[in-house]
Amino acid sequence: MADAATAIDASRLLLWDAAHQPLTAEASRVTRGLARLHALDAVTTALTAAEQACGAEAFRPGTALERLRRDAQTVAQVLGDRVAAGDAVAAGTFPA
């Protein structure tokens with residue numbers, strides 16, 4: 001759980017940094033892609049840790065964790081394709 005909480009805090013900082021970048025800068029595209037990738041990984045890690053701690057009760061319809069899992073799937077759809085975000089980060093990070 002501590003690792004998941006640390007990942008969530010790191011995602012928050014990356015998203016904050018990405019929000020303060022000008023939209024026209026090339027570095028901004030890389031920063032946003034990195035923030036997206038990390039946020040998707042962090043939410044998945046946190047929910048998996050919580051579900052493991054709670055056991056089968058976490059999957060019962062209507063529980064808080066079940067609703068959070070559905071919300072996380074919606075966030076993943078809104079944030080976009082992981083492959084496209086990974087490509088943006090790789091293109092901006094590694095020389096051609």
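In what follows, every heavy atom counts, from backbone to side chain, and hydrogens, waters and symmetry copies are set aside. Predicted model, so just to flag it, every value in this text is computed and none were measured.
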Query raised in the report: When rounded to the nearest 0.5 angstrom, what is the spacing between OG1 in T44 and CD in Q73?
Result: 9.0 Å
Query raised in the report: How many angstroms lie between CD1 in I8 and CG in D41, if you round to the nearest 0.5 Å?
Result: 10.5 Å
Query - Note, T45 side chain near D3 side chain (heavy atom, < 4.5 Å) - result: no
Could you pull out all donor-acceptor pairs under 3.5 Å where a side-chain atom in residues 15-22 meets a protein atom, sequence neighbours excluded?
unit_1 : atom_1 : unit_2 : atom_2 : d
H20    : ND1    : W16    : O      : 2.8

Report task. Keeping the roles fixed (side chain from T63, backbone from F59), state whether a donor-acceptor pair exists under 3.5 Å. Result -> no
Report task. Sequence neighbours left out, what pairs pass salt bridge (Lys or Arg N to Asp or Glu O under 4.0 Å) with at least one residue falling in residues 44-56? Result -> E51-R69
Query raised in the report: Can you name the nearest heavy-atom pair linking L47 to A72, along with the distance?
Result: CD1-CB, 3.4 Å
**Report entry** A42 to S11 - nearest heavy-atom pair and separation
**Finding:** CB-OG, 3.2 Å
